[in-house]
Asks: 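This is the structure I have questions about; it appears just below.
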Amino acid sequence: MTKKDERNNAQASGGLSRRHFLGATAAAGVVGATGLGSAVMSRESWAAAAEEARNKAVIHPGELDEYYGFWSGGHSGEVRVLGVPSMRELMRIPVFNTDSATGWGITNESKDVLGHDNTFLNGDAHHPHISMTDGRYDGRYLFINDKANTRVARIRLDIMKCDKITHVPNVQAIHGLRLQKVPKTNYVFCNAEFVIPQPNDGTNMENLEDHYTMFNAIDAETMEVAFQVIVDGNLDNTDADYTGRYAASTCYNSEKALDLAGTMRNDRDWVVVFNIERIAAAVKAGNHKTIGDSPVPVVDGRHGSEFTRYVPVPKNPHGLNTSPDGKYFIANGKLSPTVSIIAIDRLDDLFDDKLSDARDVIVAEPELGLGPLHTTFDGRGNAYTTLFIDSQVAKWNIEDAIRNYAGESVDYIRQKLDVHYQPGHNHASLTESRDADGKWLVVLSKFSKDRFLPAGPLHPENDQLIDISGEEMTLVHDGPTFAEPHDCILVRRDQIKPAKIYSRDDPFFASARTQAEKDGVTLESDNKVVRDGNKVRVYMTSVAPTYGMTEFRVKQGDEVTVYITNLDTIEDVTHGFCMVNHGVSMEISPQQTASATFTVDQPGVFWYYCNWFCHALHMEMRGRMIVEKA
Ligand code: CUK
Ligand code: CUA
Ligand code: CA
């Protein structure tokens, strides 16, 4: 242990024990930028401040929220849109799941995205991130990973629908995902978590030396995988810097262990730093290989490579977060009570081999409490780290932690706030961009226990809203939420520009238009049945409260595709189409075309009806499919 480390440890254990802190906070409420006891509010003024904070989160009927929040839906496979600070759920965007309300997974337009041969009914979404230009959210796209089936999806934020899904080859379980911030989001960086045999074709299951995982970059426009980088160990979370040149990922399994105890054997695992410039240059120059049938360029970034550096950090690190001033990567220690702060301006020297030790890029390793998982920022120099085991959020000052590590005796902890319970991610407003504004903090707690009315053995999670605009964090809202948002992102409402109705030339239903043109049908006006062997295409319009056709005839055994074009132009007049007893339902929003294909096995009369309430005569919006005996 160095002198520096000794002082650091003495500071952390002596001066800042959790018990001491809890006691002080409970007694009176502690404020002040210099830490404990510098100014003590009366119980009354503390209560008044808390009341004021809570009132800020109240959005009255008819008023709009200041922020959009996009939540991952965890293993529900969807994305949810909330208003913040009200925490009202505004919308659900089905992505990796099947959705009865909108027809996601049922319609041809969704199958164009999911793949018509898609057999996956599940997904596991963790990390939603919004595209950026020059380090600021540009509101174009949201990207999200699917750990369950090794995919990455893109959502268009104008229509709030998923428009592309990429299956990442050669790897298993895409987990950590972040975007290149500067000059703009050209790459989506994503980590494959699990180490697998290469090739994984059953020929190579015993020799662990040939097993590895990879860091992946996806082209944000084409959604093709641009390159893959072989690494030592495994990969957990990732983030990118504000120069566009570096990305960094945590590894919790440097041991490449297959068992739990094995993954905890080393006191230090590492952060892998990726030199994006060098990797992109090598790929461009053709200095790469490919694996199996996949055309994706692969470079080797294992120890000794020019593409990566391995920075040892304690222990099974999890979250990796870039500070909004662009100065630091922060790796969260999980099994260590510390976070490791990496100075990004030392990475050039690290890659040029000018440092004697890779750990020379670490400028502080503050002790925060038990189970640090993720860190977020207020743009005023403070960081907020979730402590999973302590069930707290620690607010701490980055520059003070660095001074402390350098040997000055300075308290860097500002406050610890109890949360309920066992927090994973936390996320402050605009925190991943240059515009981090330090107003709101969402803490995504994994357990809710006693916080809500019980609803059976399965409990909701608890997303808590905390006001961080002042010196003191104040808890203002509990938000029950279902299976299991890992992460969220908060953007100013002016940064998102949703469409009110569809544009008729929207590429989302381009394939319907292509088919209609082949059939000589005009989607906007024709109501027509086109027979093509045993394939029948039924084109109809809809205007509240009627379909363009109240009856169509097909034959038993036909494969029927119904295309509906909603001619309503009034915002919010969405129609539905549900074919009874055929497993078909879908949304058709104003000016949208939607289609679904199904087989008619049974002769008889089958009603179809509108299932999105659209009019006083919504119940009457219906028609009959007449299936003649074969
Ligand atoms: S991970 Cu879930 S709590 Cu998938 Cu971002 Cu850390
Ligand atoms: Cu159309 Cu309900
Ligand atoms: Ca480990």
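First listed ligand is number 1; within each ligand, the first listed atom is number 1. Starting from 1, each residue takes its place in the sequence as its number. Everything numeric here is computed off the predicted structure, so don't read it as measured data.
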Asks: Is N253 close enough that one of its N/O/S atoms sits under 3.0 Å from the Ca ion (ligand 3)?
Replies: no
Asks: Give me the nearest non-hydrogen protein atom to atom 2 (Cu) of ligand 1 as residue plus atom name, then the distance to 0.1 Å.
Replies: H486 ND1, 2.1 Å
Asks: Does E461 pair with K446 as a salt bridge, N-O distance under 4.0 Å?
Replies: no
Asks: So does R265 pair up with E255, basic N to acidic O under 4.0 Å?
Replies: no
Asks: The Ca ion (ligand 3) to N316: any N/O/S contact under 3.0 Å?
Replies: yes
Asks: Using the ring-ring contact (aromatic ring centres under 6.0 Å, His included) rule, take F606 and H582 through it: C-alpha gap first, then chi angles, then the decisive distance, then the call.
Replies: CA-CA 9 Å; F606 298 92; H582 282 78; 4.8 Å; yes
Asks: Please determine whether ring-ring contact (aromatic ring centres under 6.0 Å, His included) holds for the pair F143 and H129, giving the CA-CA distance in whole Å, both sets of side-chain angles, and the decisive distance to 0.1 Å.
Replies: CA-CA 5 Å; F143 298 88; H129 293 286; 9.6 Å; no
Asks: Would you indicate which of Q422, H318, K334, K446 comes nearest to atom 1 (S) of ligand 1 when only heavy atoms are counted?
Replies: H318
Asks: Sort out for me which residue in N462, D463, V419 forms a side-chain contact (heavy atoms from CB on, under 4.5 Å) with D478.
Replies: N462
Asks: Of all the N, O or S atoms in H575, which one sits nearest to atom 1 (Cu) of ligand 2?
Replies: ND1
Asks: Quick one: does L373 get a heavy atom under 4.0 Å from ligand 1?
Replies: no
Asks: How does H127 reach ligand 1, if at all, at less than 4.0 Å between non-hydrogen atoms: by side chain, backbone, both, or neither?
Replies: side chain
Asks: What orientation do H374 and H425 show, parallel under 30°, tilted 30 to 60°, or perpendicular over 60°?
Replies: parallel
Asks: Near N237, which atoms of ligand 1 are under 4.0 Å from a heavy atom of that residue?
Replies: 5 (Cu)
Asks: Calculate the angle formed at atom 4 (Cu) of ligand 1 by NE2 in H175 and ND1 in H126; 10° precision is enough.
Replies: 100°
Asks: Quick check on side-chain hydrogen bond (donor to acceptor under 3.5 Å, both in side chains): which of N321, T375, T338 does T385 satisfy it with?
Replies: T375
Asks: Can you list the atoms of ligand 1 that are under 4.0 Å from a heavy atom of G424?
Replies: 3 (S)
Asks: With a cut-off of 4.0 Å, which atoms of ligand 1 are near a heavy atom of H374?
Replies: 1 (S), 3 (S), 5 (Cu), 6 (Cu)
Asks: With atom 1 (Cu) of ligand 2 at the centre, find the angle made by SG from C610 and SG from C614, to 10°.
Replies: 120°
Asks: Check R622 with E620, please: is the shortest side-chain N to carboxylate O separation under 4.0 Å?
Replies: no
Asks: In terms of side-chain geometry, is the basic nitrogen of E109 or K161 positioned less than 4.0 Å from the acidic oxygen of its partner?
Replies: no
Asks: Is there a ring-ring contact (aromatic ring centres under 6.0 Å, His included) between F215 and F189 once you walk through the steps?
Replies: CA-CA 7 Å; F215 173 80; F189 298 122; 5.6 Å; yes
Asks: Please confirm if an N, O or S atom belonging to H618, backbone or side chain, lies less than 2.8 Å from atom 1 (Cu) of ligand 2.
Replies: no
Asks: Relative to ligand 1, is L444 under 4.0 angstrom through side chain, backbone, both or neither, heavy atoms considered?
Replies: neither
Asks: Answer yes when D232 and K256 have at least one side-chain N-carboxylate O distance shorter than 4.0 Å, and no when they do not.
Replies: no
Asks: What do you get for the angle at the Ca ion (ligand 3) between OD2 on D269 and OE2 on E255, to the nearest 10 degrees?
Replies: 120°
Asks: With a cut-off of 3.0 Å, does M264 place any N/O/S atom under that distance from the Ca ion (ligand 3)?
Replies: no
Asks: Using a cut-off of strictly less than 2.8 Å, determine whether S542 has an N/O/S atom near atom 1 (Cu) of ligand 2.
Replies: no
